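Order of the sequence lines fixes the chain letters, A, B, ..., with proteins taken first and strands second; residue numbering starts at 1 for each chain. Worth saying up front: this structure is predicted, and the values here are computed from it rather than measured.
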Number of protein chains: 2
Amino acid sequence: MKELKTYPNINHFNPSDCISGKIMRCNRIVANVFRKHLMQFNITNSQLSIVFVIAKVENCNQKKISEVLYLEKSTVNRNITRLLAHKIITYTDRKNLMLTTEGKQLLNTVIPFWEKAMTEIRAILEDEGANALNALHKQLTH
Amino acid sequence: MKELKTYPNINHFNPSDCISGKIMRCNRIVANVFRKHLMQFNITNSQLSIVFVIAKVENCNQKKISEVLYLEKSTVNRNITRLLAHKIITYTDRKNLMLTTEGKQLLNTVIPFWEKAMTEIRAILEDEGANALNALHKQLTH
DNA sequence: ATCATAAAGTTGTATTTACAACTTTTTTGC
DNA sequence: GCAAAAAAGTTGTAAATACAACTTTATGAT
């Protein structure tokens, strides 16, 4: 009985409701699927997401990547440093980022395996889960 | 024209579809909100999620935390090590984990701020986003 | 053109995370 | 009870992440 009076908040809250906890769990589950398919190419989920942006966005710089991916600028900087070291990306003469020839070849090779990961995760999500993720994403990024 | 023939996958895929990218962005946005409310207590989102489990699960060990949170056992071990160092948790005589008195006091103090974070994120999600997260979570964890 | 300000990028520090390999503890078959 | 096997826990290593503080680059006002 003492405990109940001393820590009322602990006794009345429900950790299963935690939105942060839910999204973290979902994130880890999805990340594990993609990691499994990508690790053979020695590229991480996060690095691939940056490669995606650089592949598709004209005149791309670190700030742009930061905005598109909701990543802190220092995080972008360190991931860019690794992609530069692996010669997957390079700076253009105008200080923008672009894929190297090796980067394009890697991405072209990786995409079918990314699609395999997408197929695997879609099977788990089913239409309901996929639609839910779209709704969630839209709500958070608008 | 040369590019189109050389890297067909790059030209035809749509990175905006990426399920991993979407969930990563959602995760970062939500994490930022919770971090903002929790940092004054010198506790991280991940640590709090572990404290939640230890607070509510009887006879809790690292394996159990790993299963509930979908965390790799080595990750749990390192987070547990920090919580032990901060004297927020302790081992029972039976090698299970429990909150210390300080841990209970901390959690009791933090919960209202966790609720503030929940309120803030619910306002962004609206009912549609909150329901979507529940649907997504259910689909991934069942 | 120059200097002040803002924006972008970088680096120090610490936590989170996972894989691999290892050690310790527990369980099980005899 | 004891040895083998399984489970749980630990540690080495490396990437991802963010905050704070800093440097470099770009912008603007005069």
Side-chain angles (χ1 to χ4, degrees), chain A residues 20-21 23-51 53-54 59-86 88-89 91-97, chain B residues 20-21 23-51 53-54 59-86 88-89 91-97:
Chain A
S20 175
I23 194 88
M24 284 195 295
R25 280 192 290 271
C26 292
N27 186 50
R28 288 174 196 134
I29 292 165
V30 171
N32 285 343
V33 172
F34 281 80
R35 188 184 303 111
K36 186 178 63 183
H37 288 274
L38 297 181
M39 68 191 313
Q40 62 186 302
F41 301 105
N42 204 32
I43 192 168
T44 66
N45 301 352
S46 187
Q47 286 172 8
L48 185 60
S49 72
I50 290 177
V51 168
V53 177
I54 295 173
N59 302 326
C60 187
N61 61 11
Q62 293 186 27
K63 172 70 171 169
K64 184 73 185 170
I65 295 168
S66 169
E67 290 168 356
V68 171
L69 300 180
Y70 294 87
L71 275 171
E72 215 276 334
K73 61 182 178 176
S74 61
T75 303
V76 173
N77 186 269
R78 289 196 158 102
N79 289 344
I80 288 294
T81 298
R82 291 187 193 101
L83 290 169
L84 286 167
H86 293 151
I88 293 169
I89 63 174
Y91 276 101
T92 65
D93 48 356
R94 289 189 121 120
K95 308 206 162 196
N96 293 321
L97 292 159
Chain B
S20 175
I23 194 87
M24 285 197 293
R25 279 192 290 272
C26 292
N27 186 50
R28 289 175 196 133
I29 292 165
V30 171
N32 285 343
V33 172
F34 281 79
R35 188 184 303 113
K36 186 179 64 183
H37 288 274
L38 298 181
M39 67 191 315
Q40 63 186 301
F41 299 105
N42 205 31
I43 192 168
T44 65
N45 301 351
S46 187
Q47 287 172 6
L48 185 60
S49 72
I50 290 176
V51 168
V53 176
I54 295 173
N59 302 325
C60 188
N61 61 11
Q62 293 187 26
K63 172 71 171 168
K64 184 73 184 170
I65 295 168
S66 168
E67 289 167 357
V68 171
L69 300 180
Y70 295 88
L71 274 172
E72 215 277 334
K73 61 182 178 176
S74 63
T75 303
V76 173
N77 185 271
R78 289 197 158 100
N79 290 342
I80 288 294
T81 299
R82 290 188 194 100
L83 290 169
L84 286 167
H86 293 151
I88 292 169
I89 63 174
Y91 276 101
T92 66
D93 48 356
R94 287 191 121 117
K95 308 207 164 197
N96 293 322
L97 293 160

**Message:** Between P on C:dT10 and CG on A:N61, what's the gap in Å once rounded to a whole number?
**Reply:** 11 Å
**Asked** Can you check the A:H37 NE2 to C:dA18 C1' distance for me, whole Å?
**Response** 17 Å
**Request:** Nearest whole angstrom, please: distance from the C1' of D:dG9 to the CG of B:N96.
**Result:** 13 Å
**Request:** Assign B:E72 to base, sugar-phosphate, or nothing according to its heavy-atom contacts below 4.0 angstrom with the strands shown.
**Result:** base
**Fill in**
Rounded to whole Å, CG of B:L48 lies from C1' of C:dT16 at a distance of 15 Å
**Message:** Is B:Q47 close enough to C:dT15 that one of its side-chain N or O atoms is under 4.0 Å from OP1 or OP2 there?
**Reply:** no
**Asked** Phosphate oxygens OP1/OP2 of C:dA7: is one of them under 4.0 Å from a side-chain N or O of A:Q62?
**Response** no
**Request:** For C:dT16, take OP1 and OP2 only and decide whether either is under 4.0 Å from a side-chain N or O of B:N79.
**Result:** yes
**Message:** Looking at C:dA18, I'd like to know if its phosphate oxygens (OP1 or OP2) sit under 4.0 Å from a side-chain N or O belonging to B:T75.
**Reply:** yes
**Request:** Can you tell me the distance, in whole Å, between the CG atom of B:N42 and the C1' atom of D:dA20?
**Result:** 15 Å
**Request:** Using the closest heavy atom to pick a nucleotide of DNA chain C for each, name whichever of B:N45 or B:K73 lands nearer the 5' end.
**Result:** B:N45
**Request:** Check for a donor-acceptor pair, side chain of A:N96 on one end and backbone N or O of A:N61 on the other, with a separation under 3.5 Å.
**Result:** no
**Message:** Does C:dT16 have its OP1 or OP2 closer than 4.0 Å to a side-chain nitrogen or oxygen of B:R82?
**Reply:** yes
**Earlier contact from the 5' end, DNA chain C, for A:N32 and A:K63** = A:K63
**Set of residues satisfying side-chain contact (heavy atoms from CB on, under 4.5 Å) with respect to A:V68, sequence neighbours excluded** = A:V53, A:K64
**Message:** Counting the atoms with a prime plus P, OP1 and OP2 as sugar-phosphate, which does A:S46 contact under 4.0 Å by heavy atoms, base, sugar-phosphate, or nothing?
**Reply:** sugar-phosphate
**Item:** Under 3.5 Å donor-acceptor, B:N32 side chain and B:R28 backbone
**Value:** yes
**Asked** Do A:R78 and C:dT13 have a side chain to base donor-acceptor pair shorter than 3.5 Å?
**Response** yes
**Separation of B:I43 CD1 from B:L38 CG (nearest 0.5 Å)** = 7.5 Å
**Asked** For B:L83 and C:dT16, what is the distance between atoms CG and P respectively, to the nearest whole Å?
**Response** 8 Å
**Residue closer to the 5' end of DNA chain D, B:M24 versus B:K64 (nearest nucleotide)** = B:K64
**Asked** Just by modelled atom types, is the B:L71 backbone N or O under 3.5 Å from a matching donor or acceptor in the B:S66 side chain?
**Response** yes
**Item:** Closest-nucleotide ordering on DNA chain D, the 5'-leading residue of A:I50 and B:E67
**Value:** B:E67
**Item:** Donor-acceptor under 3.5 Å (A:R35 side chain, A:T44 main chain)
**Value:** no
**Request:** Quickly work out the A:N77 CG to D:dA15 P distance and round it to whole Å.
**Result:** 15 Å
**Message:** Given D:dC19, D:dT17, D:dT25, identify the nucleotide with an atom nearest to the side chain of A:K95.
**Reply:** D:dT25
**Prompt:** How close or far is atom C1' of C:dA14 from atom CZ of B:R35, stated in whole angstroms?
**Reply:** 12 Å
